[in-house]
Structures are given as structure tokens and as C-alpha cells.
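For reference, the structure discussed in these notes is given below.
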Amino acid sequence: MKVIKFGGSSLASGKQIEKVFRIVNLDPERKVVVVSAPGKRYSDDQKVTDLLIECAEQCLLNRDPKVTFEAVIERYSSIAEELALPNQVIKEIEHDLSERLNGDRSKPDRFMDLVKASGEDNNAKLVAAYFRKQGIEAHYIDPGEAGLLVSDEPGNAQVLEESYGRLYSLRERSGILIFPGFFGYSKDGEVFTFSRSGSDITGSILANGLKADLYENFTDVDAVYSVNPFIVERPKEIKELTYREMRELSYAGFTVLHDEALVPAFRAGIPVQIKNTNNPSAPGTKIVYERDNTNGPAIGIASDQGFCSIYVSKYLMNREIGFGRKLLSILEEYGLSYEHTPSGIDDVSIILRENQLSSELEIEIKHRIITELHADEVKIERGLALIMVVGEGMRRNVGTMARASKALAKAKVNIEMINQGSSEVSMMFGVKEVEEKKAVQALYDEFFAAVTV
Ligand SMILES: Nc1ncnc2c1ncn2[C@@H]1O[C@H](COP(=O)(O)OP(=O)(O)O)[C@@H](O)[C@H]1O
Ligand SMILES: N[C@@H](CC(=O)OP(=O)(O)O)C(=O)O
């Protein structure tokens, strides 16, 4: 039995949903279909989830959401029209969304989640109606009834362990099960969504809960490429990679799969296959526990912008017990989360997402580190990009760091910081955002030019 998830790009129009129907029907093992909300039809189109967020924001500001509300309904209507679905389907969607928008707004975060979740919920109902119209037994599944329980963290929910056992009983249901992605229910029966792109997580949870043989994730690219195709032209496709490699890469910028979507499948030992809805015969990329290591030290290079570093130096820092703890507890007091902490004998850098650090907060934190920790120097640098070179092969190949730094030097990219992950499957380079493209290209040429991935 297989769980198959379709992303927003695969459900953006009636034509796309017809492809989804054909793909599901091609393989009788494809029983559980997880759907996202309709995504972009072309590059500057709007995702339904973004429209819903706008709608909820307008309500919270006591503004009339009419125009945005109509834009959402128009997206579903045009899909229904293409698929020749009865108007009743759209009437129900309209009714559902108005009810949500007229609901309790006293807890804005929860209100937002309830509205956001309607994107996938209503799309699942629409897709199920289409499958039935095509003569296939298909059922919309309510995640609450199915037992998908999550923590009550708005916009950032986590699955609760007991969900897995409950979801298993879905195996007994007949027909194709159309399950909305992106959200679950708290123990109090309220809707909470995962973080953005979280339908990938739903698919993985279901694969685990139902003990599926495979979790197929259908998107709009033929494979996971060794580097973001927007940075390097026609990069090499990855045929197979490990959970660990994919987790590092998705966390560091491979948006093709949510970085939290691997753990549930990994824990149950279920392989994940990435495939293209627009080209389903392409073999895609398989994510597995172990792979043959034939491609040299690196399998992929991911990068992302929007980081800053807090550099702290103090003579004899190495001898001061508790310095690191005190430093991190200052950040903790302000609720800041950090990504990396490369360190030397007398200095340490803390890398964090810069959108967490306003200029007022920057001044306050700097002041506290100097006065409370008696640091010699504190420097905050913004506009950094982090580049992650990832590969299980690094453990076996000597000199990978030397090759990477030499390639960056040759391209005249200044390395702001280096961090070798303790997992030994990744190394991180911090560079100025303006140098990101050049740096990624240089590393790609170094590690992939002569390699079959
Ligand atoms: N290394 C990579 N390999 C493949 N796609 C990538 C990579 N890095 C970023 N992407 C982007 O991920 C996109 C697919 O993910 P996403 O937009 O979330 O799709 P979906 O709508 O199917 O959920 C691709 O269109 C591509 O632009
Ligand atoms: N629709 C939600 C969840 C999701 O997973 O979407 P997509 O499959 O289009 O990335 C979002 O946009 O965040």
C-alpha cells in the first residue's frame, strides 16, 4: 500500500487534477491521497493558502475581506468548471469558508489556522467529488475523525505520538481515501496547521501510521536536483539519497520537501519517492536509509539567505566555564532561536535568522553581552547566506573541506565562517548574500562537474 501526496502545483487547475486522477489510477497500491490547497498556475499567480492568510488578516483588522474571499472562491470555481463538477461543490466550499471567517476571533492565531486549513480541507472534498464523478470509489477523510492529533502550536503544530496507532484503522476503509494535508486537531478539537508547506508532513505521518510500503511525493520537478535549479542551470539529478542527507538539504534550502517531513517515514523505515506530476514516467528521486556511495563526497549543495551572525570575542574565553551557556541564555530570554555556533579559542559566532533581530533588540543584546559577560568585542553582521555541502561520502573522503575552500578562493568568494557539522555529513559556509550564487556555482563545479549522481 502506498501513500501519495500531491503538492499545490499538482492541484492548481482542473487540468492538473486530471493528471492526479490518472496517476492514482495507474497503480492499485495507491490508496491514500494527501492533497495540498491549489497552488500557483504560473510564476506570479497566488497560492490559495496565501489568499486565505490575506483574508484572515483582513478580518482580524475588521476590514471587509470580500475581494479576497471572492478570489479564493473563484479559484475553486474555475477548477470545478474545468472538471465539470456540479455547482453544489462550490456552494459548500463558499458556505464552509464564510462560517470559518465568521467564527471566533478572540484568539487570532487559532482563527488564522482555522482559515488557512480550509485550503486543503475544501480541496480534498473537491478532489474526492471529482474521483467519484469519474466512477471511482473515493472518500474525503476528516483528519479529526481519522485521529490525526497535533500539539496546540498555531502555525507550527507537531504530530502527537498517539496519532500513529489511530490512523492505522484507515487501512480498513474501502476505496481511495482523499486526505487533506497541512493540519490536524488538538486534543480539545481545535484545528492547528503545520508550518508552511506542511502537507509533506501529513503524507509522512500517514505513511507511518498506515505502515505503507512507500511514500510518494508528487511535485513539479523530475527529481531532487543536486542544487536549486534557480541557482545553477540544469543541475544534475539525484537518483538516491539518504534520509540524513535529505533532512540536511531540506533544512538548508531544498524547498522541494519540508525538512520535518522525513522523520515519521524514517522511523517506520518507509522509503520516500519524489516524482513529477507533469512527467510521471521520470524515475524521480528515492530517499532511503542507506545508499551505495559512488558519487564522491557530496550529493547536494543547498543555500539560503537571511541570516546574521553575532560574533563575540573575549581573551581566555576557553577557560571560562559557563560562558557559552550564559551567552545562549541571553538569546533564550528574548525567544531567539539559533542555527549554528562555530567557535574558536577566544571567540564564538552565533548564527541566526535575521528577521528575529530588530535593530533595537540588536543594540540591547550587544549591550548585555558586553556588560554582563565582559566580552572584548561584539559584532553583529547581517545579510549572510549559508551554504551547506552535504554527502555521506564526506566521512570517507579526505580533503573535502580543502577542496571546497580552494574552489571558493578561486572564485574570489570571501568565506565569513565555516562550520563542519558533527554528523560528518555536512559542512557549512557563511558568505555575504551577494556572493551566494557565485559561491554555489563554484562549489557545484568543484564537486559535480565530473560526477554521475
Ligand atoms: N534542489 C532542488 N531540487 C528540486 N527542486 C527544488 C530544489 N530546490 C528548490 N526546489 C524547488 O522546489 C519546488 C517544488 O516544491 P514546492 O514548490 O513546495 O512544490 P509543491 O507545490 O509540489 O508542494 C520546485 O519547483 C523547485 O523550484
Ligand atoms: N498549502 C500549504 C501547505 C502545503 O504543503 O502546500 P504546498 O504543497 O503547495 O507546498 C502552504 O502553502 O504552505
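Please read these numbers as outputs of a predicted model, since none were measured by experiment. One-based numbering, in listed order, for ligands and for the atoms of each. Nothing fancy with the numbering, it's 1 onward along the sequence. Heavy-atom basis, side chains included; hydrogens, waters and symmetry copies ignored.
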> Near ligand 2, which residues have a heavy atom under 4.0 Å away from one of its atoms?
Replying inline: Lys5, Gly7, Gly8, Ser36, Lys47, Thr49, Glu120, Phe182, Arg196, Ser197, Gly198, Ser199

>> Determine whether the aromatic ring centres of residues Phe266 and Tyr289 are separated by less than 6.0 angstrom.
In response: yes

>> Just so I know, are the side chains of Arg247 and Asp259 near enough to count as touching, which here means a heavy-atom distance under 4.5 Å?
In response: yes

Dump the pairs for me: ligand 1 N or O, protein N or O, distance under 3.5 Å, to 0.1 Å.
| unit_1 | atom_1 | unit_2 | atom_2 | d |
| --- | --- | --- | --- | --- |
| ligand 1 | 1 (N) | Tyr225 | O | 3.0 |
| ligand 1 | 3 (N) | Tyr225 | N | 2.9 |
| ligand 1 | 19 (O) | Thr219 | OG1 | 3.1 |
| ligand 1 | 21 (O) | Gly8 | N | 3.3 |
| ligand 1 | 21 (O) | Ser9 | N | 3.0 |
| ligand 1 | 21 (O) | Ser9 | OG | 3.0 |
| ligand 1 | 22 (O) | Ser9 | OG | 3.2 |
| ligand 1 | 22 (O) | Thr219 | OG1 | 2.7 |
| ligand 1 | 25 (O) | Asp220 | OD1 | 2.8 |
| ligand 1 | 25 (O) | Asp220 | OD2 | 3.3 |

>> For Phe131, give me all partners under ring pair (Phe, Tyr, Trp, His ring centres under 6.0 Å), at least two apart in sequence or on another chain.
In response: Phe21

> Are Phe194 and Phe182 close enough that their ring centers fall under 6.0 Å?
Replying inline: no

> Just wondering, do Met112 and Leu52 contact through their side chains at under 4.5 Å, heavy atoms?
Replying inline: no

> Does Lys236 make a cation-pi contact with Phe448, if we ask for NZ or CZ under 6.0 Å from the ring centre and within 45° of the axis?
Replying inline: no

>> As an exercise, state the distance from CG of Leu206 to CD1 of Ile201, rounded to the nearest 0.5 Å.
In response: 12.0 Å

> Who are the side chain to side chain donor-acceptor pair (under 3.5 Å) partners of Glu190, not counting sequence neighbours?
Replying inline: Arg110

>> Show, in sequence, the C-alpha distance, side-chain angles and deciding distance for Met427 and Met388, and conclude whether the side-chain contact (heavy atoms from CB on, under 4.5 Å) test is met.
In response: CA-CA 6 Å; Met427 54 181 69; Met388 197 70 86; over 6 Å; no

